[in-house]
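Here's the structure, in structure tokens; my notes come after.
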Amino acid sequence: MATFQTLPGFREFYPEDLARRNHIFRRWRQAAGTYGFAEYDAPVLEPLELYKTKSGDEIEGQLFNFTDKGGREVALRPEMTPTVCRLVGAKANALKRPIKWFSIAEFYRYERAQKGRLRAFFQFNADIFGEPGPEAEIELIALLIQCLAGFGLTKDDFCVRLSDRDLWFFYLEALGFNDTQARELLGAIDKVEKLGDAAFEAFAEKHGPLAPEKMAAILGFMKIRSLEALAAEIGRIGQDKLEARLGDWRRVIAGLTAMSLGEFIQVDLSVVRGLAYYTGFVFEAFDRKGDLRALAGGGRYNDLVKKLGLPDLPAVGFAIGDVTTGLLLEQRGLMPTFVQAPDVYCVIGGEKERAAAFGDIQALRAAGYRVDYPLKEVGFGKQFKAAAESGAKVALIYGGDEIAKGVVKLRDLTERSERDVPRADLLVTVRDFLAGA
RNA sequence: GCGGUCAUAGCUCAGUUGGUUAGAGCACAAGAUUGUGAAUCUUGGGGUCGCGGGUUCGAGUCCCGUUGGCCGCCCCA
């Protein structure tokens with residue numbers, strides 16, 4: 001066994017693995033491009049303080065962090081959001097609005113690896129800055145859907161659960177809770193799916209038991225799964241803030257429906273996400289059939305840019321990871337197999353013929369064709385076998401007889417037929433052959 | 001950080017109540033083969049049996065520890 005092992009939670013990408021990874025990246029990049037998002041990148045290493053400021057000191061336990069030789073406390077990035085906030089914030093006054101940016105980058109988290117979660121992973125991040133209205137949510141959720149639908153996944157494979165922290169705060173306010181209590185209740189709501197009623201025990205210990213009718217209202221609000229039911233409940237409460245917020249919901253749903261994406265959306269107020277920095281809509285993409293963890297997640301974070309010491313800038317964004325996406329595609333049989341085949345494979349008789357072949361090989365390569373040949377002199381039998389196994393459509397045979405006649409034998413590896421081609425016509429003949437094949 | 005489970009060749013695995021020099025298939029390489037295809041035959045390389053310790057005359061096999069994979073808990077930006 002090897003003396004040095006790969007670090008836990010890290011992956012190596014052998015050619016087949018990298019081909020699959022690139023396939024995912026290609027689709028994401030394509031989606032972002034068609035939605036008018038500009039790609040950026042940023043440092044892998046950042047000041048530790050950037051993440052502590054955003055998420056609190058406890059975050060350090062989940063980071064790959066160390067002190068560099070200059071005495072700086074630094075960390076490998078665990079996410080892109082604070083970084084992109086800094087990039088955008090630094091030039092906020094000079095950038096055209098809306099600012100629509102995306103990136104594909106590797107992230108590092110010091111956590112125990114398990115299914116769908118590793119210590120090093122890639123994420124596609126997309127954000128819109130400078131647009132406070134729900135139009136930004138429409139655009140971003142549509143992009144999120146395309147980031148999965150681009151692989152052939154349909155509304156039967158995944159859905160986007162839409163929720164809203166503002167709506168919750170207004171609702172809890174209407175029920176008579178103060179801001180501190182509301183935050184704690186949201187923490188409990190986030191855990192109800194796992195813990196059931198026990199999720200509210202911590203709240204009850206601090207603030208006294210929940211009145212049965214309020215508990216029932218909260219549990220009922222969580223179970224809302226349609227815009228109609230939401231409107232009905234808000235109408236029952238009759239509070240102005242809730243009514244106004246319902247208007248934003250109608251716009252988001254209407255917009256996505258007009259994009260023919262309505263069937264991907266699932267109203268689900270049980271999604272609140274643990275992160276305290278989200279300020280409005282939050283959304284997560286889920287596998288509809290399987291038991292995978294969340295495929296993607298995002299939401300609005302209007303206060304974060306300012307919190308990082310930058311201009312006040314509304315923002316909404318999401319991230320989707322390569323690990324769960326890859327698992328889902330494998331499960332659905334939507335991950336293609338990739339073969340790296342040359343267009344042309346050259347069979348070369350000996351050293352003399354090699355010199356002639358090299359000239360043609362380079363000419364074909366300059367014309368953009370993928371050309372391969374045996375590095376060392378081997379028998380014809382082996383070479384023909386290698387040519388067939390390479391996956392090339394055509395073999396060019398450089399034997400002593402051919403060179404003497406000024407021709408190359410062109411073998412159709414599919415049809416197993418051969419013909420002589422004057423070397424002067426080789427480029428044109430190969431081009432026509434490959435174009436016709 | 002906690003728990004379960006597994007670890008023999010590049011891959012899939014076999015390996016008897018502990019007993020000689022650890023095997024097979026696939027894959028890879030060479031040859032049969034100095035001009036024609038995934039075949040066949042022959043041959044070869046490749047293992048400190050994850051690592052370390054213990055029991056024993058003797059450990060791939062039993063015991064303890066440890067590292068790593070997988071699964072789950074905590075967490076999940």
Side-chain angles (χ1 to χ4, degrees), chain A residues 1-12 14 16 46 50-56 58-63 75-85 105 107-119 121 123 125 127 187 190-191 194-195 272-278 282 284 291-299 301 304 307-308 317-321 323-324 327 345 347-353 374 376-403 408-418:
Chain A
M1 277 298 128
T3 310
F4 298 106
Q5 294 185 334
T6 311
L7 257 17
F10 283 72
R11 291 169 292 174
E12 272 136 355
Y14 284 80
E16 296 78 8
E46 291 276 18
L50 180 63
Y51 303 113
K52 284 189 174 177
T53 301
K54 186 210 166 204
S55 306
E58 324 79 60
I59 194 69
E60 188 171 339
Q62 319 274 352
L63 296 177
L76 289 170
R77 61 183 174 202
E79 59 167 326
M80 195 55 109
T81 307
T83 301
V84 71
C85 285
F107 300 95
Y108 308 86
R109 294 179 187 176
Y110 199 88
E111 296 177 297
R112 187 69 176 230
Q114 52 184 273
K115 189 176 186 183
R117 188 171 79 178
L118 300 172
R119 286 185 167 182
F121 55 93
Q123 276 189 347
N125 274 259
D127 298 89
D190 195 32
K191 293 189 172 72
K194 277 182 189 170
L195 301 179
V272 293
R273 309 208 79 193
L275 346 318
Y277 71 90
Y278 281 121
V282 290
E284 291 188 331
D291 50 352
L292 293 174
R293 47 199 315 119
L295 297 165
Y301 50 101
L304 184 59
K307 185 180 177 185
L308 294 171
F318 75 88
I320 178 167
V323 183
T324 33
L327 284 171
Y345 193 94
V347 172
I348 304 168
E351 283 307 313
K352 272 185 216 164
E353 293 79 16
K376 289 197 290 188
E377 201 171 334
V378 295
F380 275 96
K382 278 266 158 65
Q383 292 194 60
F384 281 106
K385 190 174 170 184
E389 287 175 347
S390 77
K393 294 185 187 69
V394 63
L396 297 177
I397 299 149
Y398 289 85
D401 300 346
E402 287 84 1
I403 301 293
V408 169
K409 194 161 282 178
L410 185 150
R411 181 175 176 84
D412 183 330
L413 289 167
T414 313
E415 301 291 324
R416 302 195 175 194
S417 60
E418 292 179 350

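Chain letters run A, B, ... following the sequence lines, proteins first, then strands; residues in each count from 1.
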- Have a look at A:G61 and say if it touches a base, only the backbone sugar-phosphate, or nothing, with a 4.0 Å heavy-atom cut-off.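 The answer is nothing, as A:G61 stays clear of every strand by at least 4.0 Å.
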- Looking across every strand, which nucleic acid part, if any, lies under 4.0 Å from A:P78 by heavy atom: base, sugar-phosphate, or nothing?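 Since a base atom lies under 4.0 Å of A:P78, the category is base.
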From [atom1] of [X] over to [atom2] of [N], roughly how many Å is that when rounded to an integer?
X      : N     : atom1 : atom2 : value
A:E353 : B:U34 : CD    : C1'   : 11 Å
A:D412 : B:G37 : CG    : P     : 15 Å
A:L413 : B:G35 : CG    : C1'   : 15 Å

- Message: For the P atoms, the ones on B:G53 and on B:G45, what distance do you get once it is rounded to whole angstrom?
- Response: 29 Å
- Task: Test for a donor-acceptor pair under 3.5 Å between the base of B:G35 and the side chain of A:E402, counting only N and O atoms.
- Result: yes
- Message: At less than 3.5 Å, do the side-chain atoms of A:Q383 and the base atoms of B:U36 form a donor-acceptor pair?
- Response: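 Result: no qualifying N/O pair found.
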With the side chain of [X] defined as its heavy atoms from C-beta on, choose the nearest nucleotide among [options].
X      : options             : value
A:E111 : B:C75, B:G69, B:G37 : B:C75
A:K115 : B:C75, B:A38, B:C71 : B:C71
A:R411 : B:G37, B:G68, B:G72 : B:G37
A:Q114 : B:U36, B:C73, B:G35 : B:C73
A:R112 : B:C76, B:G3, B:G68  : B:G3

- Crowding at OH, A:Y110 (>12 non-hydrogen neighbours, <6.0 Å): no
Can you tell me how far the [atom1] atom of [X] sits from the [atom2] atom of [Y], to the nearest 0.5 Å?
X      : Y      : atom1 : atom2 : value
A:L410 : A:E418 : CG    : CD    : 9.0 Å
A:Q62  : A:E60  : CD    : CD    : 11.0 Å
A:I59  : A:T53  : CD1   : OG1   : 12.0 Å

- Does the ring of A:F380 lie flat against the base of B:G35, closer than 5.5 Å centre to centre with planes under 30°? yes
- Query: Does B:U36 have OP1 or OP2 sitting under 4.0 Å from an N or O in the side chain of A:K409?
  - Reply: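 No, because none of the side-chain N or O atoms of A:K409 sits under 4.0 Å from OP1 or OP2 of B:U36.
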